[in-house]
Each structure stands twice: as C-alpha cells, then as structure tokens.
Amino acid sequence: MSQVRVRFAPSPTGFFHIGSARTALFNWLYARHTGGVFILRIEDTDKERNSDEFLRLIYDSMRWLGLDWDEGPNPDGPGDRGAFGPYRQSQRADIYQAHLKKLLEAGRAYEKDGAIWFKLLGERYEVFDEHRKKTVTKVKSPPVVIDDQIRGKVERMEDEDFVIFRSDGNPVFHFVNVVDDITMKVTHIIRGEDHLSNTSKHVRLYEGLGAKCPVFAHIPLILKSPEMGQGKMSKRDKGALIEEYQQRDFLPSALVNYLALLGWNGGDDREKMPLAEIVKLFDLPGVNQSNAKFDVKKLAHMNMAYLLELPADKFEQLARDYLAKQKVTAALATEAAYFRDVMQLSQPKIKAIDELPAYTAYFWSDDYPVDDKARAKAVGKGDPKSRLGELIAAMTTADFSSDGAIEETIKHLATAQTLGFGDYQAVARIAVTGTNTGPSITSIFRVLGRERTLARLKRFLASL
RNA sequence: GCCCUCAUCGUCUAUCGGUUAGGACAGGAGAUUCUCAAUCUUCAAAGCGGGGUUCGAUUCCCCGUGGGGGCACCA
C-alpha cells in the first residue's frame with residue numbers, strides 16, 4: 001500500500017484551541033505510527049477574518065506541542081517544504097480556477113445569481129421548504145455512503161446543488177478543501193465529527209472531479225466540562241486555549257499525553273505513557289465514537305506527574321524561564337546554588353510551574369506576604385513567645401549543614417521542654433515563611449541559612 | 001423543522017454474548033509525617049427506559065429518551 005498522507009488544515013481566524021490541537025495530534029500520531037507524511041495546510045480563504053497573529057499562533061502552538069510537519073509552510077520565513085504546495089490556500093487561487101474549469105467543461109458546474117454552483121446528477125424537482133420558507137430545487141439521487149474508519153458506514157442524502165464559488169469570486173470551504181486534498185494526495189482525512197454531515201458534499205465533489213475518495217475517519221468532539229456548561233468546547237471557554245497552557249508553562253508532553261487519551265486508548269489500563277509508546281499504539285480503530293468532556297483536573301494531575309519526574313536541571317531551567325517571564329527579578333538575582341536548593345525543595349511539591357512565584361516568595365525577599373488566618377492559628381495555641389525564644393537560642397549555635405542536624409536540634413529542644421516537634425514547627429513556619437504550607441521546616445531553615453532564619457524568628461517574636 | 005451521530009461510576013475509559021463490570025481523575029476515610037503536597041492502603045460510585053434475538057445480554061436489533069453535530073455565497 002502506498003504511503004499514508006494526512007493533513008491538519010486549520011484556518012487562522014481565531015485562537016488555537018484544545019479541539020484543534022487534538023485533531024492535529026491524531027493526524028500527527030497516525031502519520032508517525034504509519035511512517036506517513038503529516039501535512040500542515042493553512043485554510044486562509046476567508047480574508048475578512050484571517051490574521052497573521054492567528055497564523056503565528058498556529059505555528060507556535062504546533063511547535064510547542066511538538067507536532068512537526070513534513071510538508072507545509074515554513075514558519076520562519078517565505079517558502080514551503082514539500083512538493084505539493086503552496087500550502088496556504090490564499091496562494092492557490094490558480095489551482096482552484098483550473099479545477100473549476102474542469103467542472104465547467106464537464107457540465108458539472110453552472111452560474112446562478114452570480115455564484116457558481118456544483119451540479120448534482122439526477123432528476124430535478126421543486127419543493128417548498130417549510131423551514132427555510134422558500135421553494136428549492138431538489139435532485140433525486142442515491143444516498144452517499146461514507147465508509148468511515150471510526151463510524152462505520154454512514155449514509156446521507158445529498159439532494160441540492162451547492163455553491164462552490166461565491167459571487168465575490170472566492171471559492172468556498174468545501175471546494176478548496178477537496179481540491180487541496182486531491183492535489184496534495186491526501187490518503188486519510190482525520191477530522192472532527194462536526195464535518196461528518198459535510199462529507200457527503202465532499203464525496204460528490206471527489207466524484208465530480210474524477211478523483212478517488214480518501215479514507216475518512218471522523219473523531220468525536222471535545223465537549224465542555226460540566227463546570228463550563230453544555231455543548232461543544234469553544235474558543236471562548238476558559239481553559240480551552242493552547243496558548244493558555246503554554247503561558248502557564250504546562251509541560252507539552254503532559255498535555256499531549258492527556259489529549260491523546262481524550263477519545264483514544266491503547267487497549268489497556270495504562271494512561272501515562274511516553275510519546276513513543278503512544279505513537280506505537282495509536283491507530284484509528286482505537287479511537288472512540290462518543291464525545292468526551294474536557295477535564296481540567298485530570299490534565300492538572302497529568303502535568304504534576306510529568307513535572308515530578310522531570311530531571312532537576314530541566315525543572316530548574318523551566319522555573320528560571322517562568323520566573324523571568326513573571327518578572328520575579330529577586331529570584332533570578334540569587335546565587336545559582338541557592339536557587340537550585342529552592343527548586344529542589346519546590347519540584348516535588350507543586351502541581352504546575354505557575355504556582356512557583358507564590359510558593360517560593362519568602363525565599364527571595366524578607367518582605368513576603370503573611371497569611372493572617374494561618375498566623376492567628378499558629379500564634380493562638382500554646383506559648384509561641386517561649387517557643388520562639390527557645391528556638392532562637394538553639395538555632396544560634398545549631399549545625400545548619402543538613403536537614404538531619406537541624407531536626408536533631410529541634411527534637412532535642414522539644415524533648416527538653418517535654419513538647420513535640422510540632423509545637424516548634426508551626427510557629428517557626430509562620431515566622432519564616434508567612435504561610436502554613438510548604439517544604440519541611442528543617443530544609444527551609446537550612447536553605448535560608450542561620451542569619452536569615454534568626455533574623456526572621458527575632459523579627460516575628462518582636463511583633464508578638 | 002429536517003438530516004447525521006453518540007449513550008458504562010460526577011469525569012475520561014476497559015469489556016469485542018457468560019466478569020464479584022476493571023482502571024484513572026475528582027470525592028470520603030486511614031497510614032505516613034514538622035505543615036501542605038506527594039506516596040501507600042481503603043471506601044463510595046455506572047450499564048438511560050422499553051421491547052425483542054439468545055440458554056444467557058452492558059455487549060446484537062428495534063422504538064423511545066437524552067446528549068452532540070450539521071442543514072450558509074463561514075471554515
């Protein structure tokens with residue numbers, strides 16, 4: 001069998017969202033699985049709504065997700081890669097004209113009301129359409145049968161001629177889509193189920209143009225999560241844009257893994273899988289038929305799982321970039337070793353990189369926010385003044401070289417006062433971090449060092 | 001309104017006629033522990049309804065119901 005050629009064909013008329021990303025991913029996975037070709041085609045025939053900004057966003061999002069294309073526009077400059085270009089519809093006008101000419105000559109297209117219509121084969125009759133409140137011309141023809149790789153056989157009646165060139169001279173989606181797929185030799189069309197009803201038109205166009213139909217595979221749609229409401233996920237929904245996850249520095253590998261699982265499974269219970277494994281297992285029969293609701297929580301969990309196993313130096317770099325982006329300059333100004341220590345404490349504790357600025361604030365400056373509720377709670381029980389006093393005394397001479405040493409010192413102190421470690425931990429934590437959450441108090445002491453730890457403990461004691 | 005499509009825990013899903021209906025996220029409880037996470041153990045949680053077919057249906061068929069999509073000189 002000849003090589004698989006699939007395409008992802010977005011139009012730069014809006015933000016790049018989760019649904020588009022998943023369609024792109026499934027096409028990419030199928031190409032990689034079969035050793036085929038993945039084509040990126042830009043459907044920018046709608047001049048009114050196109051923008052370069054959105055085009056840029058498509059390139060950026062695709063590259064961020066790691067969905068590299070074998071053929072398509074060159075995102076970094078003019079020109080294309082691939083032998084079947086150009087890959088932007090706005091540059092293919094002559095190709096559409098040539099195909100239109102073919103249809104015209106074959107008597108399969110005609111002009112009416114300034115537009116050009118595709119002519120279906122069969123006996124014509126007039127009927128009044130109640131819903132549209134007008135008389136329409138119908139054509140008697142056998143139903144179109146689509147043999148869909150995911151849906152099975154789908155029958156649909158296509159019984160009205162339809163416009164292929166608007167009166168302004170521009171071709172419509174159905175026409176350019178089919179012409180491009182023919183001329184780019186696309187073998188498998190993997191796209192959202194929202195196109196299933198259009199497919200009968202496309203099949204007729206293939207026939208009209210004397211081309212063989214590709215294999216169709218209509219994948220289920222991604223719906224809003226229950227919190228978002230009802231219906232198909234749209235660009236307006238919160239959490240629907242790829243850009244958002246990119247800005248929050250989610251790990252693309254986690255997002256890709258999550259997206260792959262939305263409507264597909266590899267046949268067993270495994271969910272978290274390396275991309276290579278997904279590529280190996282991915283196939284069209286493994287794709288579900290029912291729509292899936294997007295679950296932000298599960299995505300967050302996936303991201304955490306990937307974050308946890310990230311090599312420390314990668315995490316550190318990611319953190320540095322994010323903190324720079326968020327203009328947390330105090331963090332970037334710290335010594336490399338100190339920065340690394342803080343990151344080592346943070347990596348196992350946070351779920352996403354964007355928690356980092358708040359999670360680590362007290363490491364960068366002595367002027368950090370204090371959680372009043374946590375403060376009241378920590379100070380409200382026992383004898384915080386005495387505990388702080390004892391702690392200051394003990395820490396003045398303590399060994400700060402390891403967590404264990406600090407822990408020993410505090411435990412020793414606690415035993416001497418017939419108290420527990422916790423009696424010191426709570427008040428120490430609020431004193432040096434301003435919060436009641438975070439890494440272990442011993443490691444916070446160690447990383448902050450004796451000077452800062454003592455200064456903060458004293459400052460807090462004085463405020464009581 | 002017409003056409004297409006889908007239907008298992010709250011959510012994502014496994015099961016390809018015979019299972020104590022499994023896993024994951026979220027939720028509850030517990031363990032661990034210096035807090036919070038993580039981790040481990042554990043609990044609760046599902047076959048939309050009605051007809052068939054069959055010795056036997058979550059699984060196959062039909063009818064409802066419900067969800068989703070499409071019906072443009074948008075893509």
Side-chain angles (χ1 to χ4, degrees), chain A residues 9-14 43-46 48-50 89 112-117 129-132 143 146 148 150-152 154-160 162-174 176-177 192-201 218 220-223 225-227 230-232 258 261-272 285 288-302 304-305 308 346-351 355 359 374 378 407 410-411 414 420-426 428-430 433 435-444:
Chain A
S11 58
T13 55
E43 305 218 333
D44 54 354
T45 53
D46 185 0
E48 298 287 303
R49 298 196 301 158
N50 282 327
Q89 290 183 335
K112 191 179 93 181
D113 304 331
I116 296 174
W117 299 65
D129 186 311
E130 289 291 342
H131 191 237
R132 284 181 285 176
I146 302 149
D148 193 282
I150 293 165
R151 309 279 152 185
V154 177
E155 271 192 30
R156 194 171 178 281
M157 201 66 79
E158 195 58 49
D159 60 1
E160 278 181 48
F162 52 91
V163 170
I164 51 175
F165 272 75
R166 290 189 286 264
S167 50
D168 64 6
N170 287 311
V172 304
F173 161 74
H174 303 298
V176 294
N177 193 267
E193 197 208 314
D194 48 345
H195 289 293
L196 188 53
S197 299
N198 290 330
T199 305
S200 48
K201 278 190 180 68
H218 286 92
L221 300 178
I222 299 179
L223 271 30
S225 62
E227 311 89 76
Q230 293 269 295
K232 186 169 80 155
Y258 173 73
L261 257 20
L262 219 50
W264 171 84
N265 74 83
D268 57 27
D269 283 341
R270 283 181 304 160
E271 296 200 330
K272 184 167 173 295
N288 299 122
Q289 305 182 332
S290 49
N291 296 339
K293 293 193 173 93
F294 184 72
D295 186 353
V296 198
K297 292 224 178 89
K298 190 151 184 171
L299 169 60
H301 179 267
M302 190 66 84
M304 184 205 68
L308 219 47
S346 306
Q347 183 174 5
K349 309 283 273 185
I350 61 169
K351 284 185 180 240
E355 293 173 13
Y359 195 78
E407 190 176 344
I410 299 177
K411 277 195 172 151
F421 190 102
D423 293 298
Y424 291 92
Q425 182 273 142
R429 184 177 293 280
I430 195 74
T433 73
T435 74
N436 58 358
T437 65
S440 74
I441 193 66
T442 54
S443 52
I444 292 173

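All heavy atoms count here, side chains included; hydrogens, waters and symmetry mates do not. Labels below follow one simple rule: chain letters A, B, ... track the order of the sequence lines, proteins then strands, and each chain is numbered from 1.
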For A:His301, the ring-ring contact (aromatic ring centres under 6.0 Å, His included) test, sequence neighbours excluded, returns none
Would you please confirm or rule out a distance under 4.0 Å between OP1 or OP2 of [N] and any side-chain N or O of [X]?
{"X": "A:Ser11", "N": "B:C74", "value": "no"}
{"X": "A:Gln289", "N": "B:C6", "value": "yes"}
{"X": "A:Asn265", "N": "B:A14", "value": "yes"}
{"X": "A:Asn288", "N": "B:U13", "value": "yes"}
{"X": "A:Arg270", "N": "B:C12", "value": "no"}
{"X": "A:Arg166", "N": "B:C74", "value": "yes"}

Spatial distance of atom CG (A:Asn170) from atom CD (A:Gln89) [nearest 0.5 Å]: 11.0 Å
Are there any protein N/O atoms within less than 3.5 Å of an N/O atom in nucleotides 37-40 of chain B, and if so, which ones and at what distance?
| residue | atom | partner | partner atom | Å |
| --- | --- | --- | --- | --- |
| B:A37 | O2' | A:Lys349 | O | 3.4 |

Complementary nucleotide for [N] - Watson-Crick or wobble, under 3.5 Å:
{"N": "B:U32", "result": "none"}
{"N": "B:A44", "result": "none"}
{"N": "B:G49", "result": "B:C63"}
{"N": "B:G10", "result": "B:C25"}
{"N": "B:G18", "result": "B:C55"}
{"N": "B:C71", "result": "B:G1"}

Is [X] touching bases, backbone alone, or none of the nucleic acid, heavy atoms closer than 4.0 Å?
{"X": "A:Ala426", "value": "nothing"}
{"X": "A:Asn436", "value": "base"}
{"X": "A:Asp423", "value": "nothing"}
{"X": "A:Gly263", "value": "sugar-phosphate"}
{"X": "A:His218", "value": "nothing"}
{"X": "A:Ser167", "value": "base"}
{"X": "A:Arg429", "value": "base"}
{"X": "A:Leu261", "value": "sugar-phosphate"}
{"X": "A:Ser200", "value": "nothing"}
{"X": "A:Glu193", "value": "base"}
{"X": "A:Pro10", "value": "nothing"}
{"X": "A:Glu407", "value": "nothing"}

More 5' along RNA chain B: A:Leu223 or A:Thr45, using each one's nearest nucleotide? A:Leu223
Rounding to the closest angstrom, what is the interatomic distance between [N] and [M] at atom [atom1]?
{"N": "B:C48", "M": "B:A7", "atom1": "C1'", "answer": "8 Å"}
{"N": "B:G66", "M": "B:A26", "atom1": "P", "answer": "33 Å"}
{"N": "B:A75", "M": "B:G70", "atom1": "C1'", "answer": "14 Å"}
{"N": "B:C61", "M": "B:U53", "atom1": "C1'", "answer": "7 Å"}
{"N": "B:U39", "M": "B:U58", "atom1": "C1'", "answer": "35 Å"}

Is there a side-chain contact between A:Ile150 and A:His218, using heavy atoms and a 4.5 Å cut-off? no
I'd like to know if the side chain of [X] reaches the main chain of [Y], judged simply by a donor and an acceptor atom lying under 3.5 Å from each other, with no hydrogens or angles considered.
{"X": "A:Asp423", "Y": "A:Gly420", "value": "yes"}
{"X": "A:Tyr258", "Y": "A:Asp295", "value": "yes"}
{"X": "A:Arg429", "Y": "A:Pro439", "value": "yes"}
{"X": "A:Asn288", "Y": "A:Ser290", "value": "no"}

Determine whether a donor-acceptor pair (one donor, one acceptor, N or O, separation below 3.5 Å) exists between the side chain of A:Glu271 and the base of B:G23. yes
Go through the N and O atoms of the side chain of A:Ser197 and the base of B:C4, and report whether any donor-acceptor pair is under 3.5 Å. no
Would A:Lys349 pass as a cation-pi partner of A:Tyr359, given that its NZ or CZ must be under 6.0 Å from the six-membered ring centre and within 45 degrees of the axis? no
Of the nucleotides [options], which one has an atom closest to the side chain of [X]?
{"X": "A:Trp117", "options": "B:C73, B:G70, B:U5", "result": "B:C73"}
{"X": "A:Asn291", "options": "B:C12, B:U5, B:G67", "result": "B:G67"}
{"X": "A:Glu43", "options": "B:A75, B:C34, B:G23", "result": "B:A75"}
{"X": "A:Arg156", "options": "B:G22, B:A75, B:C4", "result": "B:C4"}
{"X": "A:Arg151", "options": "B:U11, B:C6, B:C36", "result": "B:C6"}

